[in-house]
Amino acid sequence: KEFPDARIVWTHRDPRESIPSLCSMFRTFADMGETGPIDLEAIGREQVSFWGAACDRALDVACCDVAYADLVRDPVAAVKRVYAACDLTVSPQFERALE
């Protein structure tokens with residue numbers, strides 16, 4: 001509502017890599033503050049539930065989805081794909097700057 005012409009670009013890692021990484025970070029936080037046993041399965045369930053719901057909500061938002069692996073593998077192609085998805089033109093000057 002505030003920015004009706006805004007375009008959203010969603011970059012993401014493969015959830016099979018990012019969720020375990022995130023859980024590891026939360027375990028590290030728990031190690032710093034918890035005095036009792038840490039329920040690793042609970043951390044995993046909470047994160048899968050949270051991010052699953054977030055992804056479900058994101059399906060209702062118009063955005064350009066960019067896999068992080070694609071961005072790293074070929075950043076110029078990824079930027080061009082974002083521009084195309086947003087109906088924007090890559091000028092020759094911008095293309096030279098990307099290269």
Side-chain angles (χ1 to χ4, degrees):
K1 293 178 184 180
E2 297 295 324
F3 302 99
D5 296 332
R7 293 163 174 112
I8 297 171
V9 178
W10 183 11
T11 59
H12 60 86
R13 289 173 50 204
D14 182 333
R16 293 170 295 186
E17 297 172 5
S18 60
I19 297 295
S21 176
L22 187 61
C23 289
S24 176
M25 181 180 69
F26 278 110
R27 190 234 167 104
T28 299
F29 292 155
D31 283 340
M32 290 188 268
E34 297 290 327
T35 57
I38 298 166
D39 187 345
L40 299 177
E41 288 183 13
I43 291 172
R45 281 191 307 274
E46 290 168 4
Q47 293 308 306
V48 167
S49 175
F50 177 86
W51 290 106
C55 288
D56 287 344
R57 285 191 309 274
L59 293 175
D60 295 332
V61 177
C63 67
C64 179
D65 185 27
V66 179
Y68 182 73
D70 294 342
L71 181 62
V72 171
R73 182 176 30 259
D74 191 346
V76 172
V79 169
K80 288 180 180 179
R81 191 167 66 79
V82 168
Y83 266 61
C86 295
D87 294 323
L88 298 171
T89 303
V90 174
S91 70
Q93 180 182 5
F94 183 55
E95 188 162 6
R96 282 191 303 274
L98 286 175
E99 303 292 334

Gap separating the NE2 atom of H12 from the CG atom of L71, nearest 0.5 angstrom: 10.5 Å

Joint hydrophobic cluster, F94 plus V9, side-chain heavy atoms closer than 4.5 Å: no

Over all atoms of both residues, closest heavy-atom pair of C64 and A85: SG-CB, 3.6 Å

Student check: side-chain heavy atoms of R7 and L88 closer than 4.5 Å: yes

Euclidean distance, S91 OG relative to R96 CZ, rounded to 0.5 Å: 7.5 Å

Donor-acceptor pair, side chain of R45 and main chain of L40, under 3.5 angstrom: no

Euclidean distance, K80 NZ relative to T89 OG1, rounded to 0.5 Å: 13.0 Å

Gap separating the CD1 atom of I8 from the SG atom of C86, nearest 0.5 angstrom: 10.0 Å

Atom pair OG/CD of S24 and Q47 - distance to nearest 0.5 Å: 11.5 Å

Of R73, R13, E17, the residue whose pairing with Y68 passes side-chain contact (heavy atoms from CB on, under 4.5 Å): R13

Test item: C55 and W10 side chains (from C-beta on) under 4.5 Å apart, heavy atoms: yes

Flag if over 12 foreign heavy atoms under 6.0 Å of CD, E99: yes

Same apolar cluster: I43 and M32, side chain cutoff 4.5 Å: yes

Side chain proximity check, L22 to W51, heavy atoms < 4.5 angstrom: yes

Hphob cluster co-occupancy, I19 + M25, side-chain heavy atoms under 4.5 angstrom: yes

Heavy-atom closest pair, residues V66 and A78: CG1-CB, 4.3 Å

Given V90, V76, V79, the one that forms side-chain contact (heavy atoms from CB on, under 4.5 Å) with E95: V90

Y83 side chain reached by R81 side chain, heavy atoms, under 4.5 Å: no

